2 protein chains.
Amino acid sequence: MAARGFAGLTLRAVAAELDATTGLLTHYFPTKQALVRYALDLLDQRTASRPRRHTGAGLAALRDALLDILPLTPEATDSNRIWVSSWDTALSDPDLSTDYGRKYANGRARLTERVAAAQELGELPPGDPARIAAGAQSFVLGLVVQALFDPAAFPPQRQVEMLDDYLATLSAAR
Amino acid sequence: MAARGFAGLTLRAVAAELDATTGLLTHYFPTKQALVRYALDLLDQRTASRPRRHTGAGLAALRDALLDILPLTPEATDSNRIWVSSWDTALSDPDLSTDYGRKYANGRARLTERVAAAQELGELPPGDPARIAAGAQSFVLGLVVQALFDPAAFPPQRQVEMLDDYLATLSAAR
DNA sequence: CCATTCACATAACAAGCGTTACGGCAATGT
DNA sequence: ACATTGCCGTAACGCTTGTTATGTGAATGG
């Protein structure tokens, strides 16, 4: 799956992957678009329900949430690879596109809560928490992309360092 | 081109776009991969040679470079859309993938110069300029993605505000 | 215990893909 | 003016794609 990209995702390839035939797939999904939609929802749901870090409250909780996104493990790298690859398909399909927009908005909303909590604790300076959350999401998202294209330049340790740098400047500014 | 995504980029579609046939394309490009490679290089080169902002030195120059990346105009949005869509293809092809990694490394190198210059002027606190540049690139890259999926939530003005917020926290931290 | 339904494999289909072969027409050089 | 070269349109090829139709064996239910 992660090998040939989203463009190489064919019904027969999927069928072969789970030792079945196209008959099974067409039996459960009326069309390929439905299958893709389901697969993407599954990916989203699976990454949402996987074991999360939880090392503390406030700023530490925000850091946990952001670390959970980064490709720090091979599995997380694969997930991110599929995820980034799906952007091509998503941008081509208006419905999927708005769907993605909503998912990212949800992600920002969850981050916003943690930003606000960190502000309560005085770990982050005041300011619109939604805006700070959007900035943090941007930072992590871009770091994901760069790490995928140049893993050697962005090993896990470096990613964590960069995130911590970012959070440090965020909390130092006032 | 920007309409049907990178997956829908077919020889016949390209030929139709420039009122020609597949014969012309196969005459100039031995294979489709060569055509794609050329197109991506062209996109990279074109965005590199387009008119750039130049409002000042130091931190202002860094801000200019980052603003040049963001989808603040319809044309820049189209370019970014194609660019993001191409990531699927790029991640599937190891050669293209390392090529992209190199391009981003070059981008970071250019940003690094500006970061260093801003540090010289005392507009940015000391610290490894390469790391700061990588962070800035991450931030902008992620902002591009979010803006593409949710243009309503990230209008040009908001993008600029977010970038300025980021640069402000960067320069305020010490 | 038989009839019915369901799950799925098999196979075929048209459409679209990248690629190749070929032919004509215009430019070029002598 | 004629031969030659090369640009590029036309058309075909083989292959893969998503989708559909049909068959078959197992499960289900009365």
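What's counted below: heavy atoms across the whole structure, side chains too, no hydrogens, waters or symmetry copies. Lettering follows sequence order; numbering is per chain, from 1. Only a predicted model underlies this, so the values are computations on that prediction, with no experimental measurement involved.
Distances shorter than 4.0 Å separate some side-chain N or O of A:T31 from OP1 or OP2 on D:dT19. At D:dC8, one or more side-chain N or O atoms of B:Y28 fall inside 4.0 Å of OP1 or OP2 (strictly under the cut-off). A close approach under 4.0 Å does occur between a side-chain nitrogen or oxygen of B:T10 and OP1 or OP2 of C:dC17. A close approach under 4.0 Å does occur between a side-chain nitrogen or oxygen of A:H27 and OP1 or OP2 of C:dA7.
Atom CG of A:L24 and atom P of C:dT10 are 12 Å apart (whole Å). Protein atom CZ of B:F29 is 16 Å distant from nucleotide atom P of C:dT20, rounded to whole Å. We find that CG of A:L35 is positioned 9 Å from P of D:dG18, with the value rounded to whole Å. Computed from coordinates, the A:D19 CG to C:dA9 C1' distance equals 14 Å when rounded to whole Å. Following rounding to the nearest Å, B:K32 (NZ) and C:dT19 (P) show an atom-to-atom distance of 8 Å. Following rounding to the nearest Å, B:L25 (CG) and C:dG18 (P) show an atom-to-atom distance of 10 Å.
Aromatic ring centres of B:F139 and A:F139 lie farther apart than the 6.0 Å criterion allows.
Scanning atom types as modelled, one donor and one acceptor separated by under 3.5 angstrom connect the side chain of A:R12 and the base of D:dG18.
At a threshold of 4.0 angstrom between heavy atoms, the contacts of B:L11 include nucleobase atoms, whether or not backbone atoms are also involved.
Looking at every heavy atom in both residues, A:D64 comes nearest to A:T55 through OD2-N, 2.7 Å.
Of the N and O atoms on the side chains of B:Q119 and B:E123, not one donor lies less than 3.5 Å from an acceptor on the other residue.
Salt bridge B:D150/A:R108: present, at least one basic N to carboxylate O contact under 4.0 Å.
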